[in-house]
Amino acid sequence: MFTGKPNAMNENNNMLLHTALFKQVPLDQAEELMSHLRQATFDKGDYIFREGDTDHRMYILEYGKVKLTRRSEDDRVQLLSIHTYGEVLGEIPVFDPHGGPRTASAIAMTNNTQVLWLEHDALFAWLDIHPRVAIDMLQVLANRMRANNERISDLVFMDVPARLAKTLLNLASRFGEPVEAGLKVPHDLTQEEMAQLVGSSRETVNKALMDFANRGWIAREGHSIIIYQPGMLIRRSQR
């Protein structure tokens, strides 16, 4: 389900300042974009945008989790990434001079997922007034490109257990919750989605998870992982 509300953001809680793209922007300049922000709410499984769409919107995740996926011509699905509070989605068509199409689909992973969105024209009109901000944005986009290059290298040079260990550590750094036994990571992924995120088959990833569990490094608990020995995962991710 989609609902949209104009000017729905509280001026005392400017979400722009919680995003990597805008965190260096002075408050008075960020507030100039306030009137152009719109809010939308989605249920679990709803598409925020779809691969191939040609809209020019950029989204900021206000509440919930969102996954980015790509689908091949033979209907295989690749889970590219998971996003949460304060992260920006769908910026590529906004900064592409030719516009879309979108290179991935964004799907809500939780009910009541809330996003704010901004049209290309409003953003670029603002950048015309504050061109210095564009330099900060380029630095953030460069970091994202570096991370994508690292992911490609991992797929080429690392075996599945190493990629799995690195994936679990990344999820832990973003979603981990300290518990008495260790670090609980509520990833909200099915076995198939975990395999897609690692870039392997479900059978191979499950075998690696079982090996980690047998070694006492982790335990599986529903859609969560309990990490007992992060140091061992770090070591395995570097082999």
Side-chain angles (χ1 to χ4, degrees), residues 1-4 40-61 64-84 87-96 98-115 117 120 141 144-145 147-171 174-175 185-212 220 222-225:
M1 180 200 301
F2 169 92
T3 60
T41 301
F42 299 87
D43 289 331
K44 182 177 181 179
D46 287 345
Y47 282 80
I48 298 169
F49 55 80
R50 294 177 182 267
E51 183 177 352
D53 285 352
T54 56
D55 66 284
H56 298 157
R57 293 176 179 176
M58 184 173 70
Y59 295 83
I60 300 169
L61 184 48
K65 287 183 183 177
V66 171
K67 60 183 178 181
L68 292 185
T69 67
R70 290 198 69 167
R71 186 178 294 273
S72 67
E73 291 184 0
D74 59 358
D75 281 337
R76 287 179 297 166
V77 176
Q78 176 67 48
L79 176 55
L80 301 176
S81 55
I82 300 171
H83 298 269
T84 188
E87 296 186 7
V88 173
L89 305 169
E91 73 278 4
I92 292 177
V94 176
F95 291 99
D96 182 346
H98 303 293
R102 292 198 175 276
T103 58
S105 297
I107 305 170
M109 297 178 66
T110 54
N111 287 326
N112 197 35
T113 293
Q114 297 176 12
V115 299
W117 54 269
H120 165 280
L141 294 176
R144 290 197 176 187
M145 184 178 296
N148 287 337
N149 288 341
E150 183 177 350
R151 178 176 173 83
I152 293 170
S153 296
D154 290 347
L155 290 170
V156 174
F157 297 118
M158 298 174 69
D159 62 12
V160 171
R163 296 204 304 270
L164 174 61
K166 190 170 184 177
T167 298
L168 293 178
L169 290 168
N170 176 265
L171 292 173
R174 301 173 64 207
F175 308 119
V185 186
H187 52 73
D188 298 320
L189 299 174
T190 65
Q191 293 182 355
E192 186 65 32
E193 288 172 330
M194 178 65 77
Q196 293 168 5
L197 190 60
V198 174
S200 185
S201 68
R202 183 175 64 181
E203 294 76 15
T204 303
V205 170
N206 280 340
K207 182 179 178 181
L209 282 170
M210 187 176 299
D211 178 58
F212 290 177
R220 287 190 279 185
H223 285 181
S224 297
I225 298 285

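Excluded from the calculations below are hydrogen atoms, water molecules and symmetry mates; all remaining heavy atoms, backbone and side chain alike, are included. Quick note: residue numbers are just sequence positions, from 1.
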Value rounded to 0.5 Å, distance of CE in M158 from CZ in R151: 11.5 Å
Quick one: OG1 on T110 to NZ on K67, what's the gap to the nearest 0.5 Å? 11.5 Å
With H187, the side-chain contact (heavy atoms from CB on, under 4.5 Å) member among I82, L197, L168, L171: L171
Considering non-hydrogen atoms only, spot the tightest contact between S200 and V160 and give its length. OG-CG2, 3.4 Å
Taking the side chain as C-beta and beyond, is there a heavy-atom pair between Q191 and V205 under 4.5 Å? no
First locate atom CG of D154, then atom CG of N149, and finally report the distance between them rounded to the nearest 0.5 Å. 11.0 Å
For E51, is there any backbone N or O sitting under 3.5 Å from a side-chain donor or acceptor partner on S105? yes
How close do A104 and L80 get, heavy atom to heavy atom, and via which atoms? CB-CD1, 3.8 Å
Let me see the working for M145 and L141 under side-chain contact (heavy atoms from CB on, under 4.5 Å), right down to the final yes or no. CA-CA 6 Å; M145 184 178 296; L141 294 176; over 6 Å; no
Mind checking the CG-CG spacing from L164 to L209? Nearest 0.5 Å is all I need. 4.5 Å
On a heavy-atom basis, the closest approach of H120 and V94 is CD2-O, 3.0 Å
Please round to the nearest 0.5 Å and tell me the distance separating atom CD of E87 and atom OG of S81. 8.5 Å
Of all residues at least two apart in sequence or in a different chain, which pass the salt bridge (Lys or Arg N to Asp or Glu O under 4.0 Å) check with R50? none
